[in-house]
Structures are given as structure tokens and as C-alpha cells.
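Notes follow the structure.
Below, chain A is the first sequence line, B the second, and so on; all start at residue 1. Bear in mind that the values here come from a model prediction, so they are computed numbers and not experimental data.
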There are 2 protein chains.
Amino acid sequence: MQLVRDPDAATALTFLREELTALREEKGRLVQVVADCAIQYQGRARSMLHRGERLLLLKPDGTFLVHTATKAKPVNWQPPGATFHAEVEDDLLVLTAYRPKPEEIVKVTFHAISVCIAVPIRDAEELSLVGSEDDLQELLFRHPELVEPGFVPRRRERDSKRGFYDLDGDDAEGRRLVVEVKRGTAGVKEAQQLWRYVEPLRAQNPDGGVRGVLIAPRVAPKARDLLRDHGLEWKELDWEEVLPKVERLRRVGQVGLGTFS
Amino acid sequence: MQLVRDPDAATALTFLREELTALREEKGRLVQVVADCAIQYQGRARSMLHRGERLLLLKPDGTFLVHTATKAKPVNWQPPGATFHAEVEDDLLVLTAYRPKPEEIVKVTFHAISVCIAVPIRDAEELSLVGSEDDLQELLFRHPELVEPGFVPRRRERDSKRGFYDLDGDDAEGRRLVVEVKRGTAGVKEAQQLWRYVEPLRAQNPDGGVRGVLIAPRVAPKARDLLRDHGLEWKELDWEEVLPKVERLRRVGQVGLGTFS
DNA sequence: CGTTAGATGTCGGTT
DNA sequence: AACCGACGTCTAACG
């Protein structure tokens with residue numbers, strides 16, 4: 001672990017140059033800088049942040065993050081793929097993170113640096129997550145009675161002219177039934193999404209009585225209005241109740257995820 | 001600045017307890033922990049992350065972030081509003097970040113801690129950004145000829161039955177014209193959004209010939225199909241060319257944002 | 001507080 | 001590379 005406290009511009013430059021080289025060579029490594037700095041961004045938009053103290057994170061994959069004392073999202077950033085460059089301009093240390101496509105640049109001008117830290121962080125593990133929409137889709141595919149009795153699913157995630165729909169099959173009376181699944185509250189947007197899939201099917205097959213069902217733990221009032229207007233249906237389903245079934249389907253890294261204290 | 005290297009569980013517990021108290025009292029403060037740890041999450045979904053080294057960030061507003069050596073997004077997190085709690089369980093230090101609504105918990109079990117750091121970061125500045133959709137909307141409101149010659153905008157961001165639309169006015173021939181503005185490529189979703197606004201207006205006013213135009217730097221092929229099908233229009237507009245005008249409208253913190261090296 | 005829509009969204013999958 | 005949709009999205013604005 002490398003650590004420098006209150007370095008001047010020259011010292012910090014040396015530190016950064018060394019660590020940036022190390023970053024490029026070693027994957028599991030992380031550079032943290034706490035500093036009083038000003039930040040400019042130019043790319044898809046443009047921004048300016050006047051002097052203040054922030055935490056900067058530089059990752060070996062070219063990720064750059066600037067965090068303040070509040071909020072979950074960084075105030076400035078660069079996604080993976082950026083290249084870092086450090087130099088001294090007018091006695092001030094300047095760090096740039098450049099991303100070629102789309103062409104974007106974040107430029108940090110340092111006024112005072114509290115601390116620079118570089119640490120190796122080795123991590124071979126991948127996050128395993130249960131409860132995504134894909135899990136719910138699979139659950140409904142395997143337990144179609146949760147959609148409605150007699151539902152026979154045919155396909156999952158098929159490309160249609162206007163996008164993808166989650167589930168596609170036939171109801172008890174042989175009518176085509178398109179299902180849109182949402183893990184959270186479904187709003188107008190989601191209702192519209194279902195309509196987008198059903199509309200062309202009905203146009204194609206005017207006598208077929210194509211049905212569309214939106215399944216979510218909650219469907220917002222305006223979404224219901226839209227569904228009604230277009231002859232679509234919805235069903236509220238509490239995933240909490242069905243999640244245990246999902247977990248039985250796909251064990252999370254062989255480790256149960258029961259309630260923990 | 002507080003710093004502890006390679007603390008044992010008891011030392012780290014003391015450090016964390018002290019710093020968590022300080023966090024609650026002092027707004028501009030940040031705690032960083034680099035550690036080998038396992039992480040469980042339970043809430044809207046559930047996740048499990050096996051032992052590995054990560055960087056943890058604890059912010060005074062109750063934000064919690066867990067970063068690995070790659071990616072811009074934290075592998076686990078808690079948005080502002082969480083409360084932290086540290087204790088020792090079975091000789092292992094455990095940190096929890098609890099969020100009441102929705103009820104979610106992130107639980108970190110430490111196996112080895114490389115370093116704990118707590119720093120004050122004072123930052124009174126706010127980010128000023130140019131190039132948001134709102135900026136573009138304002139630009140078109142003030143320069144309606146960019147939409148089309150003869151366009152007279154009436155309102156911005158009005159609530160309609162089915163949501164908000166960006167601009168609303170009359171074209172050269174007195175027909176109602178609804179404009180949807182996008183800062184990036186417009187896809188099917190955005191085309192559908194425009195249709196959502198125009199559809200009820202046309203139903204309300206069948207003879208009015210209500211027009212809808214989607215304005216974006218680029219409109220995807222499928223989006224064009226949908227627009228054509230519904231008698232809607234689009235116009236591709238390069239914001240790069242018009243951004244200078246936006247900046248003239250709203251100076252970014254009184255500081256020009258010209259191209260910088 | 002719920003609802004809505006934007007975001008420099010980021011990210012992963014598929015054509 | 002472009003396109004598309006999910007995300008534990010987060011976040012601000014508004015009723």
C-alpha cells in the first residue's frame with residue numbers, strides 16, 4: 001500500500017505518475033485521492049465544479065469517480081475505458097481522464113491534496129443476485145398458473161417488430177396472451193410498453209382477440225387507465241411471496257439467502 | 001484525518017464506532033475502509049458477495065458504497081438515508097447499513113481490514129451543467145425556428161392526461177404541434193412517449209390535425225417506423241451546433257466552458 | 001408521500 | 001458498433 005499525506009504538486013505528480021503506470025499493469029489496484037480541486041467536464045454535456053474537497057477514485061479499468069460528502073452518485077465521473085494523464089500546469093497539478101468514444105474529458109485541477117492512497121484490492125468473486133426481472137420471468141415460465149389458470153407459455157423474451165416482450169403463450173381458450181413482467185411498481189411507461197407489443201399483434205390478427213397482461217407487485221392508477229383504454233389487463237403479484245420459489249430454482253452460489261439479522 | 005492500518009476487529013470496531021458518531025455530527029466527513037469482506041444484501045432483491053477485497057465508502061448523509069477494482073457502479077450500496085451500525089459477531093467485525101423505506105439492509109462481514117480512513121471533506125460548491133434536456137427545451141422555446149419555420153411555442157412542460165410533454169404550440173398553419181425533445185439518440189421508447197401525448201389530443205380533437213415532432217440528434221430506425229405508423233414526425237438536430245447558444249442563454253456559473261485541452 | 005421522467009445514466013445482451 | 005431494455009437504478013420536481 002502506498003500512502004502520501006499533504007503532498008505538494010511535485011510530490012503528488014510523482015506519486016500519480018507511478019501509480020497510474022501501476023494501475024495499467026496491475027488489475028486489482030485502486031487509487032484514492034482526497035483533495036481540494038476544481039473540475040471541468042466536457043463531452044455529451046459540459047459541467048464545471050468550483051474548488052472544494054472531494055474524493056477521487058481511479059480504477060485500473062479506466063473508471064474515474066469523483067465523490068462529495070453526499071449522494072450515492074458521483075458528481076463527476078468517467079465510465080470504464082478512460083485513460084488518465086497527470087501533469088503540472090502553472091504550478092498546479094492537473095489530472096485528466098479521457099474517453100475516446102464518445103469523446104469526453106474530465107479535467108481536475110488540484111489546489112491542495114490531503115492524501116493519496118494506492119491499494120491492491122483483489123477480488124475474484126462475482127455478485128450473485130436473486131429477484132431480478134429475469135428471475136421472475138423464469139418463475140412465471142415454469143409456474144404459468146401464477147399468471148392465470150390454463151396459461152400455456154410458449155416463448156420468453158422474443159424479439160418483436162417493436163421490441164421484446166417477456167412472455168408469450170396461449171390462454172385457456174386458445175387466445176394469444178402476451179405478458180409483461182415488472183419487478184417493481186409498474187407505471188404508465190410499462191403499460192405503454194405492453195401496448196407497444198400487443199398493438200401490432202392485434203393489427204396483424206384482428207379477429208384473434210390478442211390479450212395483454214401486465215404483472216407487477218403494484219400497478220399505478222394512471223397505468224391502469226391506459227391499460228383499460230387499450231383493452232389490456234393487469235395482475236398484481238407480490239414477489240416476496242414467490243421469491244422462495246425462485247431461490248429453489250436458482251440457488252445463489254449454493255448459499256441460501258434466508259433472512260439475516 | 002484519522003487513519004488506522006491493518007487493525008484487528010476490536011481496533012476497527014472502536015475506530016468505526018467513533019467515526020460513525022462523528023459522521024452523524026459532522027456533515028462534511030467521509031469514511032473509507034479497504035477490507036477483505038463478504039457482503040449480503042436483502043431488500044427489493046437479495047444478493048450475496050463472497051469474500052474479497054473492496055473499498056467501502058460511508059457518507060454522513062447515510063450513503064453507503066462498495067466498490068471493486070472495476071466498473072463505475074458500486075457492487076453493493078445504500079442510497080442516502082441509511083443508518084450504520086458496527087458490532088463484533090463471533091470475533092468478526094460486522095457493519096450494517098440499514099434503510100427503512102423500502103426496508104433494505106446491507107451487511108458486511110469483515111475478515112481482514114487493510115486500512116480505515118476518515119477525512120473531513122468540505123465542499124460548498126454545486127455542479128453547474130449545461131446540455132441537459134431542459135436546456136435544449138429552453139433553447140427551442142426561445143428559438144422556435146429551430147423546430148420549424150413559423151412554429152409558435154405556447155407552453156413548456158405541461159401536464160397532460162398521460163404525462164408531460166416538452167413543448168406545445170402552433171405551426172405556421174395554426175395546427176397544434178407537440179414537440180418531444182431528447183438530448184441523445186431517440187429510440188422506440190421516446191417515439192412512444194410522444195405518441196402517448198399526441199394520441200389523446202387527437203382523440204379530443206379529431207379534425208384538428210394535431211402534429212407531433214420528435215427532435216433529437218438521431219432517431220433510431222425502429223423509432224422512425226413507429227412515428228410513421230402514427231403519423232408523427234421527427235427532426236434530427238445536432239446539439240453540438242446549438243449548444244453555444246444555450247451557453248449564451250445560461251452562463252455556467254459565470255465561467256465560460258470553451259473547449260479545454 | 002407517491003408519481004413521473006431525466007440521466008454525461010451504467011450495464012449486459014443481441015443483432 | 002448500434003440497438004434495446006433492465007436496474008436493488010438514483011435523483012429532482014411536482015401534486
Checklist entry - Lys182(A) and Glu190(A): salt bridge (Lys or Arg N to Asp or Glu O under 4.0 Å), yes or no, with the steps? => result CA-CA 8 Å; Lys182(A) 287 299 152 191; Glu190(A) 285 74 25; 5.0 Å; no
Checklist entry - How far apart are the C-alpha atoms of Glu138(B) and Arg142(B), what are their side-chain angles, what is the distance that settles it, and do they pass the salt bridge (Lys or Arg N to Asp or Glu O under 4.0 Å) test? => result CA-CA 6 Å; Glu138(B) 183 171 337; Arg142(B) 298 201 191 196; 2.8 Å; yes
Item to check | From CA spacing to verdict: side chain to side chain contact (heavy atoms under 4.5 Å, CB included), Leu23(B), Val31(B) | outcome: CA-CA 8 Å; Leu23(B) 262 199; Val31(B) 174; 4.1 Å; yes
Checklist entry - Can Gln78(B) and Tyr98(B) be said to form a side-chain hydrogen bond (donor to acceptor under 3.5 Å, both in side chains), step by step? => result CA-CA 8 Å; Gln78(B) 207 66 286; Tyr98(B) 174 78; over 6 Å; no
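Nucleotides dG8(D) and dT14(C) place their C1' atoms 25 Å apart, quoted to the nearest Å. Comparing dC11(C) with dA7(C), their C1' atoms sit 14 Å apart, to the nearest whole Å.
Rounded to an integer number of Å, the gap from NZ of Lys73(A) to C1' of dT8(C) is 9 Å. Here the C1' atom of nucleotide dG6(C) and the CD1 atom of Ile215(B) are 18 Å apart, to the nearest Å. To the nearest angstrom, P of dT8(C) lies 10 Å from CG of Asp135(B). Here the C1' atom of nucleotide dA5(C) and the CH2 atom of Trp195(B) are 21 Å apart, to the nearest Å. Going from atom CZ of Phe64(A) over to atom P of dT10(C) covers 14 Å, rounded to whole Å. With rounding to whole Å, Gln137(B) atom CD is found 13 Å from dA5(C) atom P. Between Glu190(A) atom CD and dA6(D) atom C1' the separation is 10 Å, expressed in whole Å. Taking atom CD of Glu126(A) as the reference point, atom C1' of dG12(C) lies 12 Å away to the nearest angstrom.
Nearest nucleotide to the side chain of Ala72(B), out of dG8(D), dT10(C), dT8(C): dT10(C). Set against dC10(D), dA6(D), dG8(D), the side chain of Lys182(A) has dA6(D) as its closest nucleotide. Side chain of Val188(B), nearest nucleotide from dC11(C), dT11(D), dC4(D): dC4(D).
Along DNA chain D, the nucleotide nearest to Thr185(B) and the one nearest to Gln78(B) differ in position, and the one closer to the 5' end is contacted by Thr185(B). For the pair Lys189(A) and Leu127(B), both in contact range of DNA chain C, the more 5′-proximal nearest nucleotide belongs to Lys189(A).
For Arg196(B) and dT4(C), the shortest distance from a side-chain N or O to OP1 or OP2 is not below 4.0 Å. For Arg218(B) and dC3(D), the shortest distance from a side-chain N or O to OP1 or OP2 is below 4.0 Å. Proximity of Tyr197(B) to the phosphate of dT4(C): no side-chain N or O atom is located under 4.0 Å from OP1 or OP2. Residue Arg44(B) places at least one side-chain N or O under 4.0 Å from the OP1 or OP2 atom of dC10(D). The side chain of Trp77(A) places no N or O atom within less than 4.0 Å of a non-bridging phosphate oxygen (OP1 or OP2) of dT8(C). Between dG8(D) and Arg99(B), no contact under 4.0 Å exists linking OP1 or OP2 to a side-chain N or O.
In this structure, Pro102(A) reaches neither bases nor backbone, as no heavy-atom distance under 4.0 Å exists between it and the strands shown. Note on Glu103(B): nothing from the nucleic acid sits closer than 4.0 angstrom, heavy atoms only. Backbone-only contact: Gln193(B) has heavy atoms under 4.0 Å from sugar-phosphate atoms and none from a base. Across all strands shown, Lys101(A) has heavy atoms under 4.0 Å from sugar-phosphate atoms exclusively, and none from any base. Residue-level contact check: Lys71(B) touches the backbone only, with heavy atoms under 4.0 Å from sugar-phosphate atoms and none from bases.
Remark: the Asn76(B) side chain and the dG8(D) base include a donor-acceptor N/O pair separated by less than 3.5 Å. Scanning atom types as modelled, one donor and one acceptor separated by under 3.5 angstrom connect the side chain of Glu104(B) and the base of dG8(D).
For the residue pair His67(B)/Lys73(B), the side-chain donor-acceptor check at 3.5 Å is not satisfied. Side chains of Asp134(B) and Ser132(B): a donor-acceptor N/O pair is absent below 3.5 angstrom, by distance only.
A salt bridge does not link Lys222(A) to Asp225(A): none of the charged side-chain nitrogens sits closer than 4.0 Å to a carboxylate oxygen.
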